[in-house]
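Here the structure comes first, spelled out in structure tokens, and everything after it is commentary.
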Amino acid sequence: MKHGVLVPSPPAPSGGRAAEQACLALLDASTSLHRLLQTTAFLLKSGLQSNPLVLTKFVAAASSLHALHLAHSLLFSPHVSTSLYDTFLFNTLIRSHAHSHLPLAADNCRAFSYFSSMLHAGLLPNKFTFPFLLKACSRLHNAGNVGFQVHASAIKFGFGANLFVQNSLIHFYSAAAGSPDSALKLFDRMPQSNPVTWSAMIGGYVRSGSSDKAVALFREMQSRAIPPDEVTIILSLAACADLGALELVRWLWSYVNRKNIPKVLSLCNAVLDALAKCGDIDGAMALFEQMPVRSIVSWTTVIDGLAMHSRGEEAIKLFELMKCAGIVPDSVAFISILTACAHAGMVNEGCHYFSSMTADFSIEPQIEHYGCMVDLFSRVGMLERGLDFVKKMPMEPSPMIWRMLIGACRVHGRLELGERIAKDLLDKDPMHHSNYVVLSNFYALKRQWDKKWETRRAMSEHGIRKVPGCSLVELDGEIYEFIAGDESHLHYMGVYEMLEEISLKIKLAGYVPVMEEVLLDIDEEDKEDALHWHSEKLAVAFVLLKTPPRTPIKIVKNLRVCADCHAAFKCISNVYDREIVVRDTNRFHRFKGGACSCKDFW
DNA sequence: TTAGGGTTAG
């Protein structure tokens, strides 16, 4: 211009600068669908339908109003030219789909097709494109395949080594695609990493049920002096909660205090949950009392913790206090309080809360709430009422609900009813291992060995295997695993001798083995032998052997404790003067002085 | 405009 050369100005966005500014202001103010529609009319009238800046803002506004379909129809209507669109616009579009909660058909990944359109329009992706794309794809059923394509694309466009992109990929493989091992391959090759990288790996392991590997990674992080941040701690706490690693939870909490890691609410909630799930419900309550700010998650976590520990009265007290504190219970909070009632056998209270849900809070009960009610009736032996409840459910009862009823039939000796439900369930859901196990157990209880073996045969024909019982104990910060009947463990040295001693001592104290639990057609003497092999018994013998007198014994088990172990532990707690705490699949049994905190309520 | 996160029936 200086020299009088006429520089061609870039093609002016249609509509002109003033209209553009006016439209942007209108979009800022479009806080309702109605206003957004008015803005759309203005936008079209001013000829701004190909202005990328305006359109980007439009997408963002539509996204926050859950009206992405409007953005789509505006952007891709036939009379709009895409030649002026830019990468930013497509990124926003992809990101909006990553964060939207639109129901998604398996084969319909809008975000991915936007990516294709973007390339088709001759636009290059940038470093923001791939994290957004991966997040959007993680919602797909066939996420693995699509993610692989995104990964290849990222490499092709030169973003394969970008830390943000790699972290997204780690998260994608380990969490969305459910394949932490593929994530690990990438992780091992990464030249650089940050706490986000490690968190993505740790979180992936927790999600896929490999909490032991998650803890191992956290330890590796420590040994390499990579400082974790609060998210890494939250995820490691979740792993500890899963494993029942109380010592590690306490260590993590002291680490947070030592290193001045910000005690954000979500971190405190994670500690509450981990303490409760590791057996220290009193510690969780104490921390809860100290928390300056509590969300509904904090309340729900503690109520759920109390439920696990059979402390129904306290759970109810807390639920009422929560309401007084002005917190409106949500659907999850009701699951917790109903669970608390079920675990403590509080039928009337449970019924009260179930009807209060709809009457006072307009929350429609979901299948989980019905599940709690069925559990509530079943546990106390009101099986007819439980069945009646199932029949009145407005939705199809889930296999889990049937299994609760079946479990109760077994505990309450309702063999015919239990067998009938178990048979129906197996017909409906022939791919679940426990459906075979429970049915074969009813046959065994009825001494119908042929039918029992027939069921087991059908199970193996389907290629389904029984999940072995497994118990974990934490000793000096190490986790020891015991698998039912497994002799391979080094620490078994002396464990079997210990079992013999225990067996002798508790029999003298009046313990009678519960033979029904073995459920094998072998002679009585062998049966009693087989009982010793339950993983929780091995674990108890191990801890009795390795720890000084009176040290409490804490066990985490992957299945329900069997009636025989339950009876034996009551006796052991008395004879050896030890507190034994067993965390079942979902609750705690605290054996002390010959009794259990569950009051024999299963 | 980038990445990782807390409560949920057995």
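Below, read A as the first sequence line, B as the second, and so on, with proteins coming before strands; counting in each chain starts at 1.
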**Item:** Cationic N near anionic O, under 4.0 Å, A/D28 to A/K57
**Value:**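 Result for this pair is yes, salt bridge flagged.
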Looking at every strand, decide which applies to [X] at a 4.0 Å heavy-atom threshold: base, sugar-phosphate, or nothing.
{"X": "A/S336", "value": "nothing"}
{"X": "A/L272", "value": "nothing"}
{"X": "A/T585", "value": "nothing"}
{"X": "A/F88", "value": "base"}
{"X": "A/F334", "value": "nothing"}
{"X": "A/T232", "value": "base"}
{"X": "A/N194", "value": "base"}
{"X": "A/L267", "value": "nothing"}
{"X": "A/D229", "value": "base"}
{"X": "A/R294", "value": "nothing"}
{"X": "A/L235", "value": "sugar-phosphate"}
{"X": "A/L134", "value": "nothing"}

Just compare [options] and give me whichever is closest to any side-chain atom of [X].
{"X": "A/F128", "options": "B/dT2, B/dA9, B/dA3", "answer": "B/dT2"}
{"X": "A/V196", "options": "B/dA9, B/dA3, B/dG10", "answer": "B/dA3"}
{"X": "A/V264", "options": "B/dG5, B/dT8, B/dG4", "answer": "B/dG5"}
{"X": "A/A200", "options": "B/dG6, B/dG4, B/dT2", "answer": "B/dG4"}
{"X": "A/S168", "options": "B/dT1, B/dG6, B/dA3", "answer": "B/dA3"}
{"X": "A/K277", "options": "B/dT7, B/dG5, B/dA9", "answer": "B/dT7"}
{"X": "A/N91", "options": "B/dG5, B/dG6, B/dT1", "answer": "B/dT1"}
{"X": "A/V332", "options": "B/dG4, B/dG5, B/dT7", "answer": "B/dT7"}
{"X": "A/D304", "options": "B/dG10, B/dT8, B/dG5", "answer": "B/dT8"}
{"X": "A/S295", "options": "B/dG6, B/dA9, B/dT1", "answer": "B/dG6"}

**Prompt:** Can you tell if the side chain of A/Y85 reaches within under 4.5 Å of the side chain of A/S117, non-hydrogen atoms only?
**Reply:**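 No, side chains not in contact.
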**Message:** Taking the cut-offs as 6.0 angstrom to the six-membered ring centre and 45 degrees off its axis, would you call A/R95 and A/F128 a cation-pi pair?
**Reply:**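 No, A/R95 and A/F128 do not form such a contact.
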**Heavy-atom donor-acceptor pair, A/S199 side-chain to B/dG4 base, under 3.5 Å** = yes
In whole Å, I'd like the distance from the [atom1] atom of [X] to the [atom2] atom of [N].
{"X": "A/M308", "N": "B/dT7", "atom1": "CE", "atom2": "C1'", "answer": "10 Å"}
{"X": "A/I335", "N": "B/dA9", "atom1": "CD1", "atom2": "P", "answer": "6 Å"}
{"X": "A/L163", "N": "B/dG4", "atom1": "CG", "atom2": "P", "answer": "13 Å"}
{"X": "A/F172", "N": "B/dG4", "atom1": "CZ", "atom2": "P", "answer": "12 Å"}
{"X": "A/R587", "N": "B/dA9", "atom1": "CZ", "atom2": "C1'", "answer": "13 Å"}
{"X": "A/N441", "N": "B/dG10", "atom1": "CG", "atom2": "P", "answer": "20 Å"}
{"X": "A/F90", "N": "B/dT1", "atom1": "CZ", "atom2": "P", "answer": "20 Å"}
{"X": "A/F588", "N": "B/dG10", "atom1": "CZ", "atom2": "P", "answer": "14 Å"}

**Item:** Heavy-atom neighbours of A/K428 NZ exceed 12 at 6.0 Å
**Value:** yes
**Asked** If you draw a 6.0 Å radius around CZ in A/F148, do more than 12 non-hydrogen atoms from other residues or ligands fall strictly inside?
**Response**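 Count not over threshold, so no.
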**Message:** Taking the ring centre of each residue, are A/W299 and A/F319 less than 6.0 Å apart?
**Reply:**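 No - the distance between ring centres of A/W299 and A/F319 does not fall below the 6.0 Å cut-off.
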**Item:** Check: A/H151 ring centroid to A/F172 ring centroid under 6.0 Å
**Value:** no
**Request:** Return yes if some donor-acceptor pair links the side-chain N/O of A/N435 with the main-chain N/O of A/D429 below 3.5 Å, else return no.
**Result:**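 Confirmed, A/N435 side chain pairs with A/D429 backbone.
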Is [X] near enough to [N] that one of its side-chain N or O atoms lies under 4.0 angstrom from OP1 or OP2?
{"X": "A/K135", "N": "B/dG4", "answer": "yes"}
{"X": "A/R379", "N": "B/dG10", "answer": "yes"}
{"X": "A/H369", "N": "B/dA9", "answer": "no"}
{"X": "A/R207", "N": "B/dG5", "answer": "yes"}
{"X": "A/H343", "N": "B/dA9", "answer": "no"}

